[in-house]
Amino acid sequence: MFQRLFGRERKNRAITDALYAEIVAAARQPVLYAEWEAPDTPLGRFEMLALHMFLFQHRLRDEAGASRDIAQTLIDDFFADVEQSLRDFGIGDMGVPKRMKKLARMYYGRTAAYSDALEREDRVALAAALERNVRPDSLPWPQAEALAAHVIDTHKALAAQASDAIRAGTIHFPPAHAA
């Protein structure tokens with residue numbers, strides 16, 4: 001009995017680790033920072049990771065069962081990763097919860113704005129939301145339009161991928177290409 005339970009847990013962890021690695025790789029594409037000028041700072045990297053996590057979560061939002069479990073595990077992993085990053089930056093035990101609450105509010109606020117624009121395929125609204133969130137002190141940010149186009153293309157590419165493949169640990173984010 002224990003072998004079945006622990007064997008299954010290792011397999012599930014391998015699946016979620018593979019998916020999370022793909023999300024992180026998509027968020028770390030050099031084009032995002034070098035060409036589209038997403039800030040290569042801790043907050044800028046959070047924004048790109050949050051954006052790609054949103055795209056993954058959005059892909060699985062209407063699915064149940066194993067897909068829902070995977071989505072929950074990955075959002076838990078995302079926030080655990082963010083918390084560990086805060087600790088790595090030297091933020092102590094007393095400051096971490098306050099910052100985690102703020103980052104969680106930021107993430108969920110962004111998901112609402114991005115989801116609304118994405119559902120309407122409103123590139124202008126999506127670019128405005130990205131500009132507000134990714135580069136709030138550098139307005140205007142012309143590269144927001146290229147990032148918005150990439151987000152819409154990624155949304156479509158993820159929607160076309162089979163749920164069975166995702167549940168097996170395989171997902172492909174299209175590469176970001178400079179304009």
Side-chain angles (χ1 to χ4, degrees), residues 5-61 63 65-115 118 129-138 141 147 150-151 154-155 158 161 165-176:
L5 290 175
F6 291 119
R8 182 175 175 205
E9 179 63 31
R10 278 193 299 274
K11 180 181 177 189
N12 290 344
R13 179 47 50 189
I15 289 168
T16 56
D17 285 351
L19 293 168
Y20 192 69
E22 288 298 319
I23 294 166
V24 170
R28 291 185 176 165
Q29 294 179 78
V31 169
L32 300 173
Y33 304 95
E35 300 293 327
W36 295 343
E37 299 179 6
D40 194 7
T41 63
L43 191 54
R45 290 188 294 274
F46 167 80
E47 292 293 347
M48 291 299 99
L49 183 55
L51 176 62
H52 288 83
M53 178 58 68
F54 156 74
L55 286 164
F56 177 83
Q57 294 288 322
H58 194 73
R59 166 59 181 83
L60 295 182
R61 75 187 181 286
E63 295 189 18
S67 294
R68 184 173 301 258
D69 294 342
I70 287 169
Q72 184 60 55
T73 298
L74 285 175
I75 201 72
D76 292 346
D77 288 351
F78 167 68
F79 281 113
D81 196 19
V82 170
E83 181 177 341
Q84 185 58 50
S85 293
L86 290 175
R87 293 181 188 286
D88 290 347
F89 286 123
I91 297 171
D93 290 340
M94 298 300 284
V96 168
K98 179 180 175 182
R99 285 183 174 83
M100 285 301 297
K101 284 182 185 177
K102 180 180 179 181
L103 290 168
R105 279 193 308 270
M106 288 170 59
Y107 174 78
Y108 288 110
R110 281 150 176 70
T111 62
Y114 299 158
S115 183
L118 200 55
L130 290 165
E131 187 173 49
R132 246 186 346 267
N133 295 320
V134 177
R135 298 289 307 249
D137 358 347
S138 302
W141 180 39
L147 181 56
H150 174 66
V151 168
T154 299
H155 167 67
L158 295 179
Q161 293 177 37
I166 295 171
R167 285 190 297 271
T170 302
I171 194 163
H172 300 286
F173 285 81

Residues two or more places apart in sequence or in another chain: which of them pass side-chain contact (heavy atoms from CB on, under 4.5 Å) with [X]?
X: Pro30; result: none
X: Asp40; result: Tyr33, Arg45
X: Arg135; result: Glu37, Pro39, Ser138, Trp141
X: Lys102; result: Arg105, Met106

- Query: Of all residues at least two apart in sequence or in a different chain, which pass the side chain to side chain donor-acceptor pair (under 3.5 Å) check with Tyr107?
  - Reply: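 Tyr107 satisfies side chain to side chain donor-acceptor pair (under 3.5 Å) with no residue once adjacent residues are dropped.
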- Task: Could I get the full list of side chain to side chain donor-acceptor pair (under 3.5 Å) partners for Ser67, not counting sequence neighbours?
- Result: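 Only Glu63, Arg167 meet the side chain to side chain donor-acceptor pair (under 3.5 Å) criterion with Ser67.
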Flag side-chain contact, heavy atom, 4.5 Å: [X] against [Y]:
X: Leu19; Y: Thr73; value: no
X: Leu158; Y: Ile166; value: no
X: Tyr114; Y: Leu130; value: yes
X: Val134; Y: Trp36; value: no
X: Leu51; Y: Arg110; value: no

Pairwise distance [atom1]([X]) to [atom2]([Y]) - rounded to 0.5 angstrom:
X: Arg59; Y: Leu55; atom1: CZ; atom2: CG; value: 12.0 Å
X: Gln57; Y: Ile70; atom1: CD; atom2: CD1; value: 11.0 Å
X: Leu74; Y: Asp69; atom1: CG; atom2: CG; value: 11.0 Å
X: Leu32; Y: Leu49; atom1: CG; atom2: CG; value: 11.5 Å
X: Ile15; Y: Ile171; atom1: CD1; atom2: CD1; value: 13.0 Å

Heavy-atom closest contact ([X] atom, [Y] atom, distance):
X: Ala129; Y: Ala113; result: CB-CB, 4.2 Å
X: Gln29; Y: Ala26; result: NE2-O, 2.9 Å
X: Phe54; Y: Ser115; result: CZ-N, 3.6 Å
X: Ala27; Y: His52; result: CA-ND1, 3.6 Å

- Within 6.0 angstrom of Arg61 CZ, more than 12 heavy atoms from elsewhere: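 Yes, CZ of Arg61 has more than 12 neighbouring heavy atoms, counting only those of other groups under 6.0 Å.
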Throw together a table of side-chain donor-acceptor distances under 3.5 angstrom for residues 75-84, partners on residues two or more places apart or in other chains.
| residue | atom | partner | partner atom | Å |
| --- | --- | --- | --- | --- |
| Asp76 | OD1 | Gln72 | NE2 | 2.8 |
| Asp77 | OD2 | Arg13 | NH1 | 2.9 |
| Asp81 | OD2 | Tyr20 | OH | 2.6 |
| Glu83 | OE2 | Arg87 | NE | 3.4 |
| Glu83 | OE2 | Arg87 | NH2 | 2.9 |
| Gln84 | NE2 | Asp88 | OD1 | 2.8 |

- Message: Listing request: all salt bridge (charged side-chain N to carboxylate O under 4.0 Å, His left out) pairs with a residue in residues 22-33, at least two apart in sequence or in separate chains.
- Response: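 Qualifying pairs: none.
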- Message: Can you list everything that forms a ring pair (Phe, Tyr, Trp, His ring centres under 6.0 Å) with His155? Sequence neighbours excluded, please.
- Response: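 Expected list: His58.
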- Task: Tell me, please, which residues at least two apart from Arg68 pass salt bridge (Lys or Arg N to Asp or Glu O under 4.0 Å).
- Result: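 Arg68 satisfies salt bridge (Lys or Arg N to Asp or Glu O under 4.0 Å) with no other residue.
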